[in-house]
2 protein chains.
Amino acid sequence: MGIDTLCSCENCELRELFFSSVERDELFSLCTQRTEVNYFPGDFIIQQEMPIEEFIYLKSGLVKLFISEENGKEQILTIARPFNFVSMLSIFSSNKYNYSVQALEQSVTCSIPMNQINQLVESNGRFARSVLGKMSQVSDKIIKEMMEIRKRHLRGRIAYILLYYSKELAHSPEFELALSRKEIAEYIGMTTENVIRSLTEFRKSKIIKIFGKVIEIIDMQRLEQISKFG
Amino acid sequence: MGIDTLCSCENCELRELFFSSVERDELFSLCTQRTEVNYFPGDFIIQQEMPIEEFIYLKSGLVKLFISEENGKEQILTIARPFNFVSMLSIFSSNKYNYSVQALEQSVTCSIPMNQINQLVESNGRFARSVLGKMSQVSDKIIKEMMEIRKRHLRGRIAYILLYYSKELAHSPEFELALSRKEIAEYIGMTTENVIRSLTEFRKSKIIKIFGKVIEIIDMQRLEQISKFG
DNA sequence: CGCGGCTTTGATGTTCATCAAGTAAAGTGG
DNA sequence: CCACTTTACTTGATGAACATCAAAGCCGCG
């Protein structure tokens with residue numbers, strides 16, 4: 001068995017992104033310590049308040065980041081696919097998670113002990129630089145998205161979310177929403193009832209079609225207008 | 001003249017935070033390339049869309065981070081004092097600024113060419129680690145704050161902002177708001193008129209006193225209740 | 001089968017934005 | 001320094017946007 005096959009990380013599609021700056025022997029060391037986990041929809045990947053012991057990244061799937069309030073309500077920060085990950089946010093500044101991460105679709109994560117990552121950051125400047133870039137990008141994206149949502153009214157927020165989901169997450173005008181109506185509400189900071197009313201209105205105006213969780217955007221242009229001007 | 005006095009950075013009160021991991025000769029090199037700038041209230045420190053050429057940190061003062069919309073409206077991301085800085089957000093992932101920074105009080109910044117910082121990140125692991133920690137902390141804080149604001153109604157948002165300003169920024173129950181009413185509105189995503197109405201209501205309920213820009217919190221407990229329960 | 005959670009619709013009242021109008025404050029040019 | 005302009009601040013009235021409450025249908029799961 002050649003060294004090429006000793007470690008599957010060499011073929012990981014995320015290697016370029018996360019570890020392009022890592023030398024062969026460092027990669028091997030990481031690889032032997034990594035843990036791959038499979039999650040089904042609804043499974044918790046990260047629990048708020050738990051100690052951060054690993055650097056976790058998403059290999060495939062779709063997840064939601066959220067925080068739970070004392071009153072039982074939840075607020076969704078963002079929805080993320082691979083490459084926009086996410087265990088990034090607090091791991092270098094806190095020793096416990098400030099939010100939870102839950103799988104929306106079947107997902108696979110890969111974890112590396114945090115001390116390995118810290119060691120690598122300190123010993124490999126190019127790696128440090130690339131982690132900085134990624135982290136900067138991830139938090140920038142979340143903040144920008146929150147501002148985009150905040151400046152819109154209900155209808156505009158729903159339109160924005162539908163377009164975002166279609167273009168960035170599903171890459172198709174027809175898609176199965178992995179979010180419940182309630183989760184959409186938690187995402188955009190409105191009530192479930194009003195989310196539904198907005199969707200119904202879009203359906204009646206023939207802008208979208210609704211088949212339960214499956215949404216089809218019929219009139220992309222009008223949806224974009226609503227997203228822009230309310 | 002001894003080496004100790006060759007470079008004032010050695011005595012900079014921010015040295016510990018930003019450069020504790022930097023060796024003496026590296027510090028000297030940074031120091032000779034740094035630029036210190038003084039800003040008056042209203043002055044722009046960073047202009048949205050401008051190319052990022054320097055790593056800028058706040059030595060003293062108070063600033064607002066905001067983005068300008070096409071329609072001329074502005075949205076404030078956060079208000080920051082030193083240590084919670086801020087030129088951090090996109091500098092490692094973008095080559096231009098995504099937001100503007102303007103001085104609210106008289107402020108002093110210190111700038112270091114970006115290539116110096118990048119070089120240092122790549123050559124000094126401990127420095128890289130400390131920048132990662134700081135960046136993580138800064139973006140975490142902004143996101144958390146936006147969630148706190150989002151979950152409240154008008155009255156709660158105003159109460160939250162007043163308490164935040166009093167406790168985190170002014171460190172006193174009586175303080176001079178560096179923000180205009182309009183800026184408060186841009187900060188919490190409401191209209192100027194409703195910000196004023198809320199302040200007036202608090203004044204009439206004897207929760208605060210208002211002398212133009214100077215606010216005095218009289219009934220801290222009730223303000224905290226309003227912040228918590230609306 | 002029945003229970004609980006999600007979804008949907010309607011009715012109602014609260015919260016909020018918008019418009020209008022007036023006052024105060026602050027900057028500008030002669 | 002004063003008239004002038006502009007910008008910030010303030011209050012009220014109105015209607016639109018939104019939350020809340022209530023009730024009923026639906027679906028999955030034990």
Side-chain angles (χ1 to χ4, degrees), chain A residues 40-43 64 68-69 71-76 102 104 149-161 176-205 208-215 226-227 229-230, chain B residues 40-43 64 69 71-76 102 104 149-162 176-205 208-215 226-227 229-230:
Chain A
F40 291 98
D43 289 351
K64 68 167 176 175
S68 304
E69 314 287 339
N71 55 18
K73 289 186 181 168
E74 291 177 357
Q75 264 198 92
I76 295 182
Q102 211 175 354
L104 290 173
I149 290 174
R150 182 171 81 169
K151 75 179 180 193
R152 289 168 167 80
H153 287 183
L154 173 62
R155 286 161 43 87
R157 291 185 188 186
I158 300 286
Y160 177 82
I161 293 295
E176 180 170 352
L177 259 181
L179 294 167
S180 70
R181 311 295 196 246
K182 192 174 158 226
E183 283 170 324
I184 298 176
E186 287 164 355
Y187 192 10
I188 66 171
M190 301 264 155
T191 57
T192 310
E193 293 95 320
N194 282 328
V195 168
I196 291 168
R197 269 185 265 269
S198 240
L199 288 173
T200 307
E201 188 203 319
F202 289 170
R203 176 173 56 71
K204 285 184 180 164
S205 314
I208 60 172
K209 282 187 183 170
I210 304 177
F211 317 94
K213 295 231 162 240
V214 175
I215 307 277
I226 294 172
S227 170
F229 308 107
Chain B
F40 291 98
D43 289 351
K64 68 168 176 175
E69 313 287 339
N71 55 16
K73 289 186 180 168
E74 291 177 358
Q75 262 198 92
I76 295 182
Q102 211 175 353
L104 290 173
I149 291 175
R150 183 172 79 170
K151 75 179 178 193
R152 288 167 167 82
H153 287 182
L154 173 63
R155 286 161 43 87
R157 291 185 188 185
I158 300 287
Y160 177 83
I161 292 295
L162 290 178
E176 181 171 351
L177 258 182
L179 292 168
S180 70
R181 311 294 196 246
K182 191 174 157 227
E183 283 170 323
I184 298 177
E186 288 164 355
Y187 192 9
I188 65 172
M190 300 264 154
T191 57
T192 310
E193 294 96 321
N194 282 328
V195 168
I196 292 168
R197 269 185 266 268
S198 240
L199 287 173
T200 307
E201 187 202 321
F202 289 170
R203 177 174 55 73
K204 286 183 180 165
S205 314
I208 61 172
K209 282 185 182 170
I210 304 178
F211 317 95
K213 294 229 162 245
V214 175
I215 306 276
I226 295 172
S227 170
F229 308 106

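All values below were derived from every heavy atom in this structure, side-chain atoms included, with hydrogens, water molecules and symmetry-related copies excluded. Lettering of chains follows the sequences in order, A, B, ..., and the numbering in each one begins at 1.
Considering only residues two or more places apart in sequence or on other chains, A:T192 meets the side-chain hydrogen bond (donor to acceptor under 3.5 Å, both in side chains) condition with none of them. Looking at residues two or more places apart in sequence or on another chain, you find no salt bridge (charged side-chain N to carboxylate O under 4.0 Å, His left out) involving A:R181. By the salt bridge (charged side-chain N to carboxylate O under 4.0 Å, His left out) test, B:R152 is found to be paired with B:E148, residues two or more places apart in sequence or in another chain being considered. The side-chain hydrogen bond (donor to acceptor under 3.5 Å, both in side chains) check on A:Y187 picks up A:E145, with sequence neighbours excluded. Listed by chain and number, the residues in a salt bridge (charged side-chain N to carboxylate O under 4.0 Å, His left out) with A:E183 are A:K64 (sequence neighbours excluded). Applying the side-chain hydrogen bond (donor to acceptor under 3.5 Å, both in side chains) rule to B:E176 yields no partners; only residues at least two apart in sequence or on another chain are considered. Scored by the side-chain hydrogen bond (donor to acceptor under 3.5 Å, both in side chains) test, A:R150 finds B:Q75 as partners (sequence neighbours excluded).
Where the helix from C:dC1-D:dG30 to C:dG30-D:dC1 starts and where it ends, the local axes point in directions that differ by 50°; five pairs per end, rounded to 10°.
Applying the 4.0 Å criterion to OP1 and OP2 of D:dC18, one finds that A:N194 has every side-chain N and O outside that range. Between C:dT7 and A:K213, a contact under 4.0 Å exists linking OP1 or OP2 to a side-chain N or O.
Atom CZ in B:F211 sits roughly 20 Å away from atom C1' in D:dA8 (whole-Å rounding). Atom P of nucleotide D:dA16 and atom CD of A:E201 are separated by 14 Å, given to the nearest angstrom. The distance from atom CE of A:M190 to atom P of C:dT14 is 20 Å, rounded to the nearest whole Å.
Near DNA chain C, meaning a heavy atom under 4.0 Å from it, residues 152-162 of chain B has B:H153, B:L154 in order of number. Shown for residues 176-189 of chain A: residues whose heavy atoms fall under 4.0 angstrom of DNA chain C, namely A:S180, A:R181, A:K182.
With contacts defined as side-chain heavy-atom distances shorter than 4.5 Å, the pair B:R155/B:S227 does not qualify. Using a 4.5 Å heavy-atom threshold, the side chains of A:I215 and A:I210 count as touching. B:I226 places none of its side-chain heavy atoms less than 4.5 Å from the side chain of B:Y160. Side chains of B:I158 and B:I184 form a contact here, defined as non-hydrogen atoms less than 4.5 Å apart.
Residue A:K209 qualifies as open at atom NZ: its count of foreign heavy atoms under 6.0 Å is 12 or below. For A:K151, the NZ atom counts as densely surrounded, since its 6.0 Å shell holds more than 12 non-hydrogen atoms of other residues, nucleotides or ligands.
Checking A:T192 against B:K73, the closest nucleotide of DNA chain C that is more toward the 5' end is the one next to A:T192.
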>> So if I define the base as every atom that isn't primed, P, OP1 or OP2, how would nucleotides 23-30 of chain D read as a B/S/- string at a heavy-atom cutoff under 4.0 Å?
In response: --------
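Between the side chain of A:E69 and the main chain of A:E74, no donor-acceptor pair closer than 3.5 Å is present. Looking at A:R157, its side chain does come within 3.5 Å of a backbone N or O of A:I149 through a donor-acceptor pair.
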Between N or O atoms, less than 3.5 Å apart, protein on one side and nucleotides 11-15 of chain D on the other: list the pairs.
residue : atom : partner : partner atom : Å
D:dT11  : OP2  : B:T200  : OG1          : 2.8
D:dG12  : N7   : B:R197  : NH1          : 3.0

> Checking side-chain contact (heavy atoms from CB on, under 4.5 Å) for the pair A:K213/A:S180: CA distance, chi angles, key distance, verdict?
Replying inline: CA-CA 8 Å; A:K213 295 231 162 240; A:S180 70; 3.7 Å; yes
